[in-house]
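Encoded as structure tokens, the structure appears first; notes follow it.
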Number of protein chains: 2
Amino acid sequence: MVTLKDVAAKAGVSPSTASGALRGLDFVRPTTADRVLKAAQDLNYTANVSARALRSGRTGILSLVIPTVDIPFYSQLTNAMERCVERHNYQLLVQQNDFDPKREREQIMQRDDTLSEGMFLLSTKTDTRDVVRLIGDHPTVLFEDYSTDILIDSVNAPSAGGIDRVIRHLVERGRNRICLAGESIPITHVTNISNSSRARYERAGSAIRVFEELGISASCGAINCDWGPEPGIEVGHRIADMHDANGTLRYNAVCCMNDDIALGVIRGLADRGVRVPDEVAVTGFDGIKQGAWSIPTLTTVELDYDGMAETAVSMMLRKFSNNPVSFPQRVIAGFRLLERESTAASQVANA
Amino acid sequence: MVTLKDVAAKAGVSPSTASGALRGLDFVRPTTADRVLKAAQDLNYTANVSARALRSGRTGILSLVIPTVDIPFYSQLTNAMERCVERHNYQLLVQQNDFDPKREREQIMQRDDTLSEGMFLLSTKTDTRDVVRLIGDHPTVLFEDYSTDILIDSVNAPSAGGIDRVIRHLVERGRNRICLAGESIPITHVTNISNSSRARYERAGSAIRVFEELGISASCGAINCDWGPEPGIEVGHRIADMHDANGTLRYNAVCCMNDDIALGVIRGLADRGVRVPDEVAVTGFDGIKQGAWSIPTLTTVELDYDGMAETAVSMMLRKFSNNPVSFPQRVIAGFRLLERESTAASQVANA
DNA sequence: TTGAAAGCGCTAACAC
DNA sequence: GTGTTAGCGCTTTCAA
């Protein structure tokens, strides 16, 4: 193994000079630096990461803690994060917990400052206050933290704004009997929601607010279901079976809290012969790629994954800098409404 | 920061004894070990990874190099790998190259033994011989290496066996005019394939072999396309436009080289009003989750991702052991045919 | 069975 | 600007 000492010897300088030269510090005379760089190249030298980390505390590793990498939203986030982190000369350690509260908690507690310089965390099972307590002073940036207090830096999807936009889109398309589909949707008014479980209600709450603004609350409703296509299929079945007194379908649109649910709903409606968008329009949220070739293609709120990643990484790097931001911030990412086949105009549904 | 010295002091032993106790080495007297363990727990001690790595060379990190984490096959592989590696008390570093030959090559060359103890590599752009040359003696396990020589340990999908099975399934279902869809499919006979590009032909080659065994070569064909749903859509359009002299569709089945292509083909056929499976059956390969709620659901070859991961990790760990295997091996993973709607029986297609 | 001492390769403080 | 020195926290001889 070729060490810094070897490089220094070959360049005829001391290890500390070689070290400075290789790290581009400006106390080294340019001609000396060149000589060191050349020697390093000739010897095919790379710094020993462990040694550097032991001395400097910088490991060059950041970790991402998520439920799983195998759900499209998380895949796309992980993809964006890896590319972004790499661009900033870090490496990404990925840790999954499969939505297991115990494992998530362990991952948060057992974060290792000597391994990873900072943690990006998308917590689904741990209260934000607990997170803050558990991480101590370990640099952390959260994704999807909807707690009322801003206790810690976070980057969020535009849940409220996105759902607002998509509901208005449905109404513009003549859909006035809209059913929400997603986890923990409150049947009653949004103000009944307790603070602690506010995260879950962010999207649904926004929808209900718009229903009221538009005066269509009475004709709208909600079905509570878990995230994911399989629960979505069940919802599709249930909606296909709901009729008015005169036999028409109870709903002419389903606004799903994410794309996976939406694709399931579409499948569930198809099982019962209900046509999308002819009889029922369906919308998703997240802008996963699969919505671009589903049948029908899925109208959805496309998230700015690269923007979310860039923001999160910037927030992290600022913590390492000389003038870190003193107050925790929350950044809401941008979005774009993707109008596709699943909400196309229809004669039938508007009857 | 609490160090080993602190633990040793609290337990009333020397650092070296404490070290041995914490690592469970049997030269330490059980009662002493207990005292050390308790002290460590009380102080909430965790070993400094960098220091340990610097001294012992063991970083506890393994890296996975793949094109992207954001294509279902890779998501599922990454998911399985992370869980498996974690089970073996390692952490997984993920590196993406987005199918860029240059970046892939750099990742292979710049593998860092002082960071990651070993590399799992799914190379799409680098010849296996180059890989072997570039990695030197860095512990490496490949995924999807179809080169004729077995130069290096690898874990492969059951490409030949899986396609064989799926073609026979189509024929059993009465489909005899089968079109292959995928990258680099040879229009001519399989024996024309050069050794160097054999990887690409593994699946198609197997299909063509079965066509001949079953005596249906004349009625079958192939369309060359890139992996992915978008190319699949194009293929779907083209197949919808291909008719015999008497106006019937040229093909009554499409055998796709992976699920993404298949979902695209289904979408492309739908664009033209061709019904799946009524007029044309479609099969995929890989068993990605999305095929379970597509319209129609997708018949496919389901891969044993957990098995692949476990095998790959075992191969890696054996390299670190006292008696490593001396010859490189290639392991073909198991599979299961998932019979779903996209290949259901049909009156029309068999006419 | 335990402890003392050396040193992994690097960076940071300080002297020159 | 450059070199010398010390030491990050751990593991690993080797001696006791």
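Just so it is clear: chains get the letters A, B, ... in the order the sequence lines come, proteins before strands, and each one is counted from 1. The structure displayed is predicted, hence computed values, not measured ones. Any value given below was found using the heavy atoms of this structure, including those in side chains, with hydrogens, waters and symmetry copies removed.
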* To do: Report yes if at least one side-chain N or O of B/Ser14 is closer than 4.0 Å to OP1 or OP2 of C/dG3; otherwise report no.
  => yes
* Is the distance from OP1 or OP2 of C/dT1 to the nearest side-chain N or O of B/Arg35 less than 4.0 Å? -> no
* For the base of D/dG7, is there a side-chain donor-acceptor partner from A/Arg55 under 3.5 Å away? -> yes
* **Distance test, side-chain N/O of B/Arg29 to OP1/OP2 of C/dT1, below 4.0 Å** => no
* To do: Return the 5'-most residue of the pair B/Leu54, B/Ser16 with respect to DNA chain D, ranking by each residue's nearest nucleotide.
  => B/Leu54
* Value rounded to 0.5 Å, distance of CE in A/Met119 from CG in A/Leu93 -> 12.0 Å
* Asked: Parallel, tilted or perpendicular for B/Phe320 and B/Tyr90, by the 30°/60° rule?
  -> tilted
* Structure fact -> Taken to the nearest 0.5 Å, the spacing of B/Lys125 NZ from B/Arg105 CZ works out to 14.0 Å
* Can you check whether A/Ser56 has a side-chain N or O nearer than 4.0 Å to OP1 or OP2 of C/dT11? -> no
* Which nucleotide sits closest to the side chain of A/Thr3: C/dG9, C/dT11, D/dC10? -> C/dG9
* Asked: So how far is it from B/Arg330 CZ to B/Tyr146 OH, rounded to the nearest 0.5 Å?
  -> 9.0 Å
* Structure fact -> Comparing nearest nucleotides in DNA chain C, the 5'-proximal residue of the pair B/Ala33, A/Leu25 is B/Ala33
* Can you tell which of C/dA4, D/dG9, D/dT2 lies closest to the side chain of B/Asn48? -> D/dG9
* To do: Could you tell me whether A/Ala47 contacts a base, only the sugar-phosphate backbone, or nothing, with contacts defined as non-hydrogen atoms closer than 4.0 Å?
  => sugar-phosphate
